[in-house]
4 protein chains.
Amino acid sequence: MVDYRIDRRSGIPAYVQIVRQTERALRMGVLRVGDRLPTAREVVAATAINPNTVFRAYRDLEQAGLVRSRRGLGTFVTRSLARPGAEDDSPLRADLADWVARARSAGLERDDVLALVAVALDAYETHGRERHEHEPHAQDPGDPGRRQEDDA
Amino acid sequence: MVDYRIDRRSGIPAYVQIVRQTERALRMGVLRVGDRLPTAREVVAATAINPNTVFRAYRDLEQAGLVRSRRGLGTFVTRSLARPGAEDDSPLRADLADWVARARSAGLERDDVLALVAVALDAYETHGRERHEHEPHAQDPGDPGRRQEDDA
Amino acid sequence: MVDYRIDRRSGIPAYVQIVRQTERALRMGVLRVGDRLPTAREVVAATAINPNTVFRAYRDLEQAGLVRSRRGLGTFVTRSLARPGAEDDSPLRADLADWVARARSAGLERDDVLALVAVALDAYETHGRERHEHEPHAQDPGDPGRRQEDDA
Amino acid sequence: MVDYRIDRRSGIPAYVQIVRQTERALRMGVLRVGDRLPTAREVVAATAINPNTVFRAYRDLEQAGLVRSRRGLGTFVTRSLARPGAEDDSPLRADLADWVARARSAGLERDDVLALVAVALDAYETHGRERHEHEPHAQDPGDPGRRQEDDA
DNA sequence: GTGGTCTAGACCACA
DNA sequence: GTGGTCTAGACCACA
């Protein structure tokens, strides 16, 4: 079950926060095709935001083709964003956990970490790709896709 | 020089994007005490947003004590957010660059990476801290600070 | 300028009525790329529906790629649905006007006419296509496309 | 036998779709006085909607005086909306079929045709009536009746 | 009970 | 001034 956390001081619209947290849950495999999202009432109880706002977020997700709302039944996941390589037990995740622990232990705050990651991603997308790649793979090197606003 | 990039589709207010990008530049040491922020005119030229929106962002930064506007001269950084350990040539950054390259090469998109990092941070803050810490340090483990909404 | 007419007894949600009337105006060339839709306030003044409802309709149109809302400026047409053959002075339109006049003069109400047209369209899509076609043309015969609920 | 088609993406309540399709069948003479409407069970099997929704539609039709539900027997048509001039073999219908074929062959989509017809009806009701009428008839020109929302 | 529409109204973002 | 978010609350549609 996803549990949404709304940060009212963040300046990010609550409905955007719900959309993004849902997408993240889809990417991480926390939500799978067929799963039911929490009902508007449940989200309201958990987050103290208005049902209309939840509804707005779910509608956006529906238009993105990720979920389907069925009146009287609930809202269900229709498409996964899960990626192989992002599983719970993958070496990538274990190594990341180690790195995060080192970074935090070295005195970096959460936001420092996020800033570093954003910069590292930018660097990779701009010029790092070639430096690191020793064998070609299926990635489209020209189109980084619709970037989520991670830090802006 | 910071160059702001405004993503109009992100749903995040433009002025919030400017504030966050500025904070990130401060954290990364891209902006240092005494540096001048781009003028509203420059930002307008680069981003096609209204100067009032830039002023609004700079006002917020000033209230946060990070910059100081001096009439007729410009807006100047008054406080750094740079962290030791986040320097350009730090091992942390090199290791992160490697990890990012592996993740991207494994087929993960930018957003997948950001989701993984957010989850790793959450895990660290919740229960990973003890597991990974072998020697105590000065961080107050109870106060992660005013968290930037990274993923919401 | 489009002027929306909301029929509150029709059972069709007001926002759907606005969306459809806008699409119709685009099809008929009444609205063209670059044109500004009436502001929410103007629609409210003309129709006595709530600004939020107008907003909802315009957002749907935006997500359909037909218009673009710009804060502080208004909402603008970005894509035309105009079809050659549907111009004001086309023979098709003149002949239709004659037919409508005959039908109405024969005692058929507006709804009778609409029912007849719907049936004629169904018949054409099902089996009439071949009967009437003497020479092939570019139409895709298999996919009638996303049918607008005309009569349901 | 009417067979209802529910378009869930249309935004029009399912029960309204049933009511309208029934009315259309009555207008076209597809349903006649004494005919039995499909049972809720049959509609459910064909459309996957809830029986309560069918009942709701039939209740509306009954209140409009068009049908009568007889417990245990079914729901029967009690009033026709058929119009002379709309028969299967009428010249009006043949001419309309030809016009529709021309329009579709010219590249107009179903929705284009519906938009054209709606506009032609509007034009006729507004000012075309006089232009086209050469002999008076029994229609009350002032009362177009309860217009069905065709396009809204 | 669950989703969906609509309203009135406050307040914010942007030009 | 124009669009956009959010709330509270009424009421409807559907299962």
Side-chain angles (χ1 to χ4, degrees), chain A residues 6 8 11-18 36-44 47-60 62 67-76, chain B residues 6 8 11-19 40 44 47-57 59-60, chain C residues 6 8 11-18 36-44 47-60 62 67-76, chain D residues 6 8 11-19 40 44 47-57 59-60:
Chain A
I6 304 304
R8 307 187 104 82
I12 302 182
Y15 83 91
V16 174
Q17 296 188 39
I18 292 181
R36 199 173 94 151
L37 297 189
T39 67
R41 281 158 180 78
E42 286 167 347
V43 177
V44 166
T47 63
I49 64 177
N50 190 284
N52 287 332
T53 302
V54 182
F55 180 70
R56 161 75 195 265
Y58 283 10
R59 184 147 41 78
D60 279 16
E62 183 159 20
V67 308
R68 175 79 189 284
S69 288
R70 303 180 60 186
R71 225 188 270 245
L73 295 176
T75 301
F76 300 87
Chain B
I6 304 304
R8 307 186 103 87
I12 302 181
Y15 82 93
V16 174
Q17 296 188 39
I18 293 180
V19 167
V44 167
T47 63
I49 64 179
N50 191 285
N52 290 331
T53 303
V54 184
F55 292 138
R56 163 70 198 269
R59 179 156 49 84
D60 280 17
Chain C
I6 304 305
R8 307 186 103 81
I12 302 182
Y15 82 91
V16 174
Q17 296 187 38
I18 292 181
R36 199 173 96 152
L37 296 190
T39 67
R41 281 160 180 75
E42 286 166 348
V43 177
V44 165
T47 63
I49 64 176
N50 189 283
N52 288 330
T53 302
V54 182
F55 179 71
R56 161 75 196 265
Y58 282 11
R59 184 148 41 80
D60 279 16
E62 183 159 21
V67 308
R68 174 80 190 282
S69 287
R70 301 180 61 186
R71 224 189 271 243
L73 295 175
T75 301
F76 300 87
Chain D
I6 304 304
R8 306 187 103 86
I12 302 181
Y15 83 93
V16 174
Q17 296 188 38
I18 293 180
V19 167
V44 167
T47 63
I49 64 178
N50 191 286
N52 290 331
T53 304
V54 183
F55 292 137
R56 163 69 197 269
R59 180 156 49 85
D60 279 18

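What you see is a predicted model; the values in this text were computed from it and never measured. Every chain is numbered from 1, with letters handed out A, B, ... down the list of sequences.
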Check every strand shown and say whether B:Tyr15 touches a base, only sugar-phosphate, or nothing at a heavy-atom separation below 4.0 Å.
sugar-phosphate
Results of side chain to side chain contact (heavy atoms under 4.5 Å, CB included) for D:Asn50 - residues two or more places apart only:
D:Asn52, D:Thr53
Base, sugar-phosphate, or nothing: which does C:Arg41 touch, judged by heavy atoms less than 4.0 Å apart?
base
Taking any atom closer than 4.0 angstrom to a non-hydrogen atom of chain B, what span of DNA chain E does the protein reach, first nucleotide to last?
E:dA13 to E:dA15
For C:Pro38, the side chain to side chain contact (heavy atoms under 4.5 Å, CB included) test, sequence neighbours excluded, returns C:Met1, C:Val2, C:Tyr4, C:Glu42, C:Val43, C:Tyr58
Side-chain contact, heavy-atom cut-off 4.5 Å: A:Phe76 with A:Val67?
no
Could you give me the CA-CA distance, side-chain angles and deciding distance for C:Ile18 and C:Thr47, then say whether side-chain contact (heavy atoms from CB on, under 4.5 Å) is met?
CA-CA 10 Å; C:Ile18 292 181; C:Thr47 63; 5.9 Å; no
Need to verify one output field. Residue with the more 5' nearest nucleotide on DNA chain F, B:Gly11 or C:Arg36?
C:Arg36
With C:Arg41 via side chain to side chain contact (heavy atoms under 4.5 Å, CB included) - residues at least two apart:
C:Thr39
Which residues share a side-chain hydrogen bond (donor to acceptor under 3.5 Å, both in side chains) with C:Arg59, sequence neighbours left out:
none
Sorted by chain and residue number, the side-chain hydrogen bond (donor to acceptor under 3.5 Å, both in side chains) partners of A:Ser69 (sequence neighbours excluded) come out as A:Thr75
Identify, between C:Ile49 and A:Leu37, the residue whose nearest nucleotide on DNA chain E lies closer to the 5' end.
A:Leu37
Please enumerate all residues that pass side chain to side chain contact (heavy atoms under 4.5 Å, CB included) together with A:Arg68, with sequence neighbours excluded.
A:Glu62, A:Arg70, A:Thr78, D:Arg8
What is the nucleic acid contact for B:Arg8, judged by heavy atoms within less than 4.0 Å: base, sugar-phosphate only, or nothing?
sugar-phosphate
Go nucleotide by nucleotide along DNA chain F from the 5' end; which of C:Thr75 and A:Asn52 gets its closest nucleotide reached first?
C:Thr75
If you find the nucleotide of DNA chain E closest to C:Gly72 and the one closest to A:Arg71, which residue's nucleotide is nearer the 5' end?
A:Arg71
Using a 3.5 Å limit on both distances, find every run of at least three consecutive Watson-Crick or G-U pairs that involves DNA chain F.
E:1-14 with F:1-14
